[in-house]
**Q** 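Following this message is one structure expressed as C-alpha cells.
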Amino acid sequence: MNSRLLVIKDENHSENPDIGLVIPLAHLNENGSITEIQPKEFPNGGIFVSKNFLSINQSFKTDEIFILNEYFDSEENDWKSTSRLQKHYTLGNKASKIERYLFMPVLDLNLPDSASGFLDYALDLPSNYLFIQNNGYIYGPFKATKQNDNWILSPLVIPSPLQLPTDFVAKIPLNVLNENDALVTINIKGVTKKFIKNLKEISIIQYEQIDYISDVKLISYFTKNHFGKGKNSLLGKSEAQRLSQGIEEYVKKNKAMGNTERLSRIRELLSDFLEKSDYGSEIVNEFLAETRDGRLYLDQYFEKNRDFLLKAKNKELEEQFESKKSVLNNELKVFERSVFTKKEELNIELKNIEIETNKAKKRIEEIKKQSDEDAHQALLEKQKELTEEN
C-alpha cells in the first residue's frame with residue numbers, strides 16, 4: 001500500500017533481532033495533514049516487520065515517531081485467529097525519519113532555568129527538538145542534552161523557519177496555535193501527546209522572541225564583542241570597581257545595546273559575582289577554563305598585570321601570615337594561662353600536704369611523749385608496790 005503512516009517501533013519480543021513490530025499511529029497525507037487510524041484497518045494493532053527490523057531498532061528511540069512509507073497485505077489469514085499475528089507486513093528499509101520541523105513534540109513542563117538551562121525532569125526527553133507548554137504559551141524550540149542525571153535545555157543553534165536570533169526561543173500563545181490548526185494530538189500507547197504539525201506553517205504567526213542565553217554563553221558573548229578590552233583590563237573580585245566602570249564605558253560606546261536584557265543580565269551576573277563569591281567563581285572559572293576566549297583573556301590579563309598581581313599576591317600572603325600569627329599567639333596565651341593556673345593549683349596542693357605532714361609529725365611526738373610518761377609512771381608504781389611488800 002502506498003499510504004504513508006506515522007508509526008513507532010514496538011519492543012522486540014522475538015529472539016531474532018531482524019524481525020519485529022511497528023505500531024501505526026496515523027495516516028500521513030500528501031498535504032502534511034494526518035488522518036486517524038480506524039480500528040478495522042489494523043485489527044491486531046501492529047504491522048509485522050519481516051526483515052531489517054534491526055535497522056529500525058538502531059535508528060529510532062522508543063516512542064520516537066517515524067514514517068513507514070509502504071506496507072503490504074499478508075497473504076495468510078492466520079491473523080484472524082491469532083492476535084499476536086498481523087494483517088499487514090513491511091520491511092525495515094521502508095522506514096524513514098520525519099523531516100526535522102514536522103511533528104515537533106510539545107511537553108507540558110516547567111521552563112528550564114535560563115541561567116544554566118537546567119530542567120528538573122526524571123523521564124526521558126525526545127531526541128528531536130521540542131517545545132514546552134507553560135501557562136498558556138508554547139516556548140521553543142529547545143534541544144535537550146543529558147548531563148549525568150540532569151537535563152540541560154538550550155535554544156536551537158541552527159537556522160530554523162522561525163528565523164530566531166542565536167540563543168533565542170519563540171513564545172507563542174497557545175490559543176493562537178489552536179486557531180491556526182497548528183497543533184495535533186496523537187495517541188501513543190494509550191497516552192495522548194501533542195505536536196506542532198509543521199514549524200514552517202507557524203513562522204507566519206506573530207510571536208515574542210525570548211532571550212534564553214546561559215550565563216556562560218553570556219560572558220563569552222560580551223568577550224567576543226570586546227567588552228573589558230579597553231584601557232584597563234578587567235578581571236576578578238579584587239577589581240570590582242574597575243569591572244563596574246568597564247560596564248559603564250561599554251554602554252557609552254555601544255548605546256544601541258544599553259537597554260538590552262543581556263546587558264542587564266551581565267550587570268546582575270557581575271553583581272552576584274561580587275556579592276556571592278562561590279556563585280561568581282563557578283561561572284567565571286568555567287568560562288576561563290573551558291573556553292578559548294577565556295584562556296586567551298586570562299593569559300593577556302596576566303601579562304599586562306604581572307607586577308600588580310605578584311604584589312597583590314605577596315600582600316595577600318603577608319596578611320594571611322599575620323592573621324595566622326595572631327591566631328597562634330592567642331592560642332599560646334590561652335595555653336600559658338592554663339599552665340599558670342595549673343601551677344598555682346599545684347603550689348596550693350603542696351602547701352596543704354606540708355601542713356598535714358607537720359600536723360602528723362606533731363601528733364607522733366605527742367604520742368611518743370605521752371608513752372614515755374606513762375611508762376615512767378608505771379615503773380614508779382611498781383617500785384612502790386615492791387617497797388610496801390618488804
Side-chain angles (χ1 to χ4, degrees), residues 1-107 121-131 143-146 149 151 184-199:
M1 294 184 180
N2 294 323
S3 173
R4 295 195 303 166
L5 296 174
L6 296 180
V7 299
I8 59 172
K9 68 179 183 180
D10 195 10
E11 296 296 330
N12 186 7
H13 302 292
S14 171
E15 294 182 359
N16 183 354
D18 210 35
I19 61 174
L21 291 177
V22 295
I23 300 174
L25 304 176
H27 291 280
L28 179 60
N29 303 317
E30 291 295 329
N31 62 1
S33 65
I34 63 172
T35 304
E36 291 186 3
I37 298 288
Q38 300 301 316
K40 64 179 182 179
E41 292 183 79
F42 304 95
N44 292 342
I47 298 174
F48 176 59
V49 182
S50 62
K51 188 178 181 181
N52 293 334
F53 181 76
L54 187 59
S55 66
I56 290 179
N57 215 14
Q58 293 173 341
S59 301
F60 305 103
K61 287 186 175 182
T62 300
D63 293 345
E64 179 182 352
I65 298 177
F66 57 96
I67 297 174
L68 186 63
N69 294 290
E70 192 175 8
Y71 60 98
F72 313 95
D73 286 331
S74 173
E75 296 178 357
E76 306 293 337
N77 290 321
D78 48 3
W79 55 269
K80 294 181 179 180
S81 58
T82 308
S83 60
R84 63 182 179 84
L85 300 179
Q86 306 301 325
K87 181 180 178 181
H88 303 91
Y89 74 95
T90 189
L91 304 174
N93 59 9
K94 301 299 181 181
S96 62
K97 284 186 174 292
I98 291 179
E99 185 182 341
R100 179 180 294 158
Y101 302 119
L102 295 179
F103 299 100
M104 300 184 77
V106 178
L107 305 181
Y121 189 65
L123 304 178
D124 282 337
L125 290 175
S127 58
N128 194 8
Y129 296 107
L130 60 95
F131 282 77
K143 176 68 175 177
T145 305
K146 195 72 174 288
D149 293 329
W151 285 103
V184 62
T185 57
I186 299 176
N187 188 288
I188 301 178
K189 296 181 179 179
V191 178
T192 299
K193 297 188 177 183
K194 186 179 296 182
F195 299 85
I196 291 178
K197 288 194 292 187
N198 190 336
L199 197 60

**Q** Can you tell me how far the CG atom of L68 sits from the CG atom of L28, to the nearest 0.5 Å?
**A**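 Reported to 0.5 Å precision, the distance equals 11.0 Å.
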**Q** What are the two closest heavy atoms between P43 and K87, and how far apart are they?
**A**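 Between these two residues, the closest heavy atoms are CD-CD, 4.0 Å.
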**Q** Checking D18 against N52 for the side-chain contact (heavy atoms from CB on, under 4.5 Å) test, could you report, in this order, the C-alpha distance in whole Å, the side-chain angles of both residues, the deciding distance, and whether it holds?
**A** CA-CA 5 Å; D18 210 35; N52 293 334; 4.2 Å; yes
**Q** Under 4.5 Å between any side-chain heavy atoms of I34 and I186, yes or no?
**A**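 Yes, close enough: below the 4.5 Å cut-off.
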**Q** How many angstroms lie between CD1 in I65 and CE in M104, if you round to the nearest 0.5 Å?
**A**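 Rounded to the nearest 0.5 Å, the CD1-CE separation comes to 12.5 Å.
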**Q** Is it true that atom CD of E99 has more than 12 heavy atoms of other residues, nucleotides or ligands lying nearer than 6.0 Å?
**A**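 More than 12 within 6.0 Å, yes.
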**Q** Is it the case that the side chains of S33 and N29 hold a donor-acceptor pair, with the cut-off being a distance below 3.5 Å and no angle test?
**A**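 There is such a pair between these side chains.
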**Q** N16 versus F53: any side-chain heavy-atom pair under 4.5 Å?
**A**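 They are not in contact (no side-chain heavy atoms under 4.5 Å apart), so the answer is no.
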**Q** Start with the C-alpha gap between L85 and E76, add the side-chain angles, then the distance that decides, and say whether side-chain contact (heavy atoms from CB on, under 4.5 Å) holds.
**A** CA-CA 10 Å; L85 300 179; E76 306 293 337; over 6 Å; no
**Q** Testing the basics here: between Y89 and S50, what is the closest heavy-atom pair and its distance to 0.1 Å?
**A**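 Closest approach of Y89 to S50, heavy atoms only: CD1-OG, 4.0 Å.
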**Q** What's the verdict on side-chain contact (heavy atoms from CB on, under 4.5 Å) for D124 and T62, showing C-alpha distance, side-chain angles and the deciding distance?
**A** CA-CA 10 Å; D124 282 337; T62 300; over 6 Å; no
**Q** Going by the ring-ring contact (aromatic ring centres under 6.0 Å, His included) test, name the single residue among Y71, W79, F48 that passes it with H88.
**A**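 Only one of Y71, W79, F48 forms a ring-ring contact (aromatic ring centres under 6.0 Å, His included) with H88, namely Y71.
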**Q** Verify side-chain contact (heavy atoms from CB on, under 4.5 Å) between L107 and L125, making sure each step is shown before the conclusion.
**A** CA-CA 9 Å; L107 305 181; L125 290 175; 3.5 Å; yes
**Q** With side-chain contact (heavy atoms from CB on, under 4.5 Å) as the test, pick out the partner of L5 among V22, I67, I47, I23.
**A**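 Single side-chain contact (heavy atoms from CB on, under 4.5 Å) partner of L5 among V22, I67, I47, I23: I47.
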**Q** How far does NZ of K197 sit from CG of L199, to the nearest 0.5 angstrom?
**A**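 Separation between the atoms: 13.5 Å.
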**Q** Could you tell me whether a side-chain N or O of K9 sits under 3.5 Å from a main-chain N or O of F60, the two making a donor and an acceptor?
**A**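 Judged by distance alone, yes, a pair lies under 3.5 Å.
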**Q** May I ask you to decide if K94's main-chain N or O and N69's side chain share a donor-acceptor pair within less than 3.5 Å?
**A**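 Yes.
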**Q** Is it the case that more than 12 heavy atoms not belonging to K146 sit under 6.0 Å from its NZ atom?
**A**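 More than 12 heavy atoms, drawn from other residues, nucleotides or ligands, come within 6.0 Å of this atom.
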**Q** Atom CZ in R84, atom CG in D78: separation rounded to 0.5 Å?
**A**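 The CG atom of D78 is 9.0 Å from CZ of R84, to the nearest 0.5 Å.
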**Q** With a 4.0 Å cut-off on N to O distance, would you call K97 and E64 a salt bridge?
**A**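 Yes, charged N to carboxylate O under 4.0 Å.
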**Q** Specify the closest pair of heavy atoms between V7 and P24, including all atoms of both residues, with the distance to one decimal.
**A**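 Shortest heavy-atom separation between V7 and P24 comes out as CG1-CA, 3.7 Å.
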**Q** Nearest 0.5 Å, what's the CG-CD1 distance between N93 and I56?
**A**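 Going from CG on N93 over to CD1 on I56, the span is 8.5 Å.
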**Q** For H27 and F42, take the angle between the two ring planes, folded into 0 to 90°, and tell me which bin it lands in: parallel under 30, tilted 30 to 60, perpendicular over 60.
**A**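 Geometry flag for F42 against H27: tilted rings.
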**Q** Output yes when a side-chain donor or acceptor of T90 lies under 3.5 Å from a complementary backbone atom of E70, and no otherwise.
**A**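 Yes.
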**Q** Where is the tightest heavy-atom contact between A144 and L130, given as atom of each residue plus distance?
**A**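 For A144 and L130, the tightest heavy-atom pair comes out as CB-CD2, 4.1 Å.
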**Q** Look up atom OH in Y129 and atom CD1 in I196, then write down how far apart they are to the nearest 0.5 Å.
**A**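 Interatomic distance, Y129 OH to I196 CD1, rounded to 0.5 Å: 14.5 Å.
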